[in-house]
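Here's the structure, in structure tokens; my notes come after.
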Amino acid sequence: MSYIQIKEDSKIEVPDNATIGFIEGDGIGPDISRAAISVINSAIEVAYKGEKSIEWKKILGGDEAFEKTGKHLPQESIDELKKCVISLKGPLTTPVGEGFRSLNVTLRQYFDLYANVRPVKYFPGVPSPVKHPEHVDMVVFRENTEDLYAGIEWRYDSEEAKKLRWYLRENFQVKLTDDTGIGIKPISKFKSQRLVRKAIQYAIAHRRKSVTLVHKGNIMKFTEGAFKDWGYEVASSEFKDNTITESEFLKGTPSAWRVVIKDRITDNMFQQILTRTDEYDVIATTNLNGDYLSDAIAAQVGGLGIAPGANIGDVYAIFEAVHGTAPKYAGMDVANPTSLILSGGMLLRHIGWTLAADILDAAVTSAYADQKVTNDLARILNVKSLLCSEFGQEVIKRMKQPV
Ligand code: NAD
């Protein structure tokens, strides 16, 4: 096995026959993983003609892990994910029950995968609810570790909530009625800035037009508002030569290329993505805003079934389908594997195998342009549907070296 190496500066060194971890996932996971892995392997083969390849290391997670080990995420799996550094993951069931932490949340916290990254782009041929889905070309960077998702909350009748209400009344004259549950929204400078830094680095590396800081700082000044201020601070202190604020930009176009840094209040942003779609490009935002916004943007281009995603930290990264396990289609070979296939494309870009990623993206685009689609979209378009595995083969057939 040729594992990816972590260098002193936390950058990764990827061998030509890299070992990449994969968790198949539950429900439709095995079907879509099979399709995605064969598509990714083919893209690498077409791009590098045997000079590069991935050796996939299967890692147990979810229902299969539970059946074999009695744990949904055994320690050996965490150790393997760590060894692999970069992994691909199918969707995992979140077993319902008190005290069970989502496996996805566990992985994000363990590996400090603080940026949830979701590129959203339109594929011609996909049914969309808006008139100009082709104007959508955005990449959302959502903070993944704090905000109201930190899990600091108490039921209205818990001892903790009672104590907290008492403390607030006694010390800050904040009066909350006895039927009030309490959640805490932590937003820190360090975590906000590392997220915005990643978004700006991405924008610079990919020559994107702008980074928009999305926040609700008009109401929540010291959390959401602070996120915005800290975001501008990172841009001006660390990326002075490559960025410009929107207000400066509007005074006159700079002589050299710059990423424009702007901010929008969340509610306005939900309008803007519909009414001024092409003015938005890279988006950096807090956890809750990002959760809502990324699904809304994905809906503009035809929904979650085709939107890829990744959870990325400073070293480790897990690329995943953004949808769930769709249990009713489990084992039927009918699910749409596009989300995981495109997440594989993101993985290839992340490890620097850009040519393979370009070939993969172009082949998916070509299949959609000819309305070669799985049942979820075929029934809307009223065309013959392909099985999950057939869609994978259709994509592979269309792969070619760019001219
Ligand atoms: P879901 O995404 O599984 O399904 C929502 C709807 O979309 C269903 O109608 C489903 O059939 C359809 N669908 C989803 N993916 C599809 C695909 N690739 N092809 C065709 N149709 C598709 O969401 P849910 O029903 O809320 O959740 C089911 C399970 O998945 C839950 O246990 C949940 O916790 C888990 N989940 C996991 C992840 C993850 O691992 N990242 C994300 C979301 C939900």
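Note that ligands are numbered from 1 as they come in the structure, with each ligand's atoms numbered from 1 the same way. Computed from a predicted model, the values in this text were never measured in an experiment.
Geometrically, Lys185 does not engage Tyr149 in a cation-pi contact defined by less than 6.0 Å to the ring centre and at most 45° from the axis.
Here is the list of ligand 1 atoms found below 4.0 Å of a heavy atom in Tyr329: 11 (O), 21 (N). Counting atoms of ligand 1 from 1 in the listed order, those under 4.0 Å from a heavy atom of Ala335 are 19 (N). Interface atoms of ligand 1 facing Glu320, defined by a heavy-atom separation under 4.0 Å, are 41 (N). Residue contact check: Ile28 has heavy atoms under 4.0 Å from atoms 17 (C), 18 (N) of ligand 1. Per-residue contacts place Lys328 under 4.0 angstrom from the following atoms of ligand 1 (heavy atoms of the residue considered): 9 (O), 11 (O).
Residues Phe391 and Tyr368 bring their aromatic ring centres within 6.0 Å.
By the 4.0 Å N-to-carboxylate-O rule, Asp370 lies close enough to Arg398 to be salt-bridged with it. Classification of Glu233 and Lys189 as a salt-bridged pair holds, one side-chain N sitting under 4.0 Å from a carboxylate O. Under a 4.0 Å N-O distance rule, the pair Arg349/Asp358 qualifies as a salt bridge. In summary, Asp112 and Arg194 engage in a salt bridge, as defined by a charged side-chain N under 4.0 Å from a carboxylate O. Salt-bridge annotation for Asp278 and Lys209: absent, with no side-chain N of the basic residue lying under 4.0 Å from a carboxylate O of the acidic one.
At under 3.5 Å, not a single nitrogen or oxygen of Pro91, backbone or side chain, sits near a nitrogen or oxygen of ligand 1. Here's the thing with Asp376: none of its N/O atoms is less than 3.5 angstrom from an N/O atom of ligand 1. Residue Asn336 places at least one N or O, backbone or side chain, under 3.5 Å from an N or O of ligand 1.
Distance remark: protein heavy atom present below 4.0 angstrom from atom 10 (C) of ligand 1. For atom 30 (O) of ligand 1, a protein non-hydrogen atom is found at a distance below 4.0 Å. For atom 25 (O) of ligand 1, the protein comes within 4.0 Å by no heavy atom at all. Within a 4.0 Å radius of atom 17 (C) of ligand 1, the protein contributes at least one heavy atom.
Under the 3.5 Å distance criterion, the side-chain polar atoms of Lys198 are matched with a main-chain donor or acceptor of Gly313.
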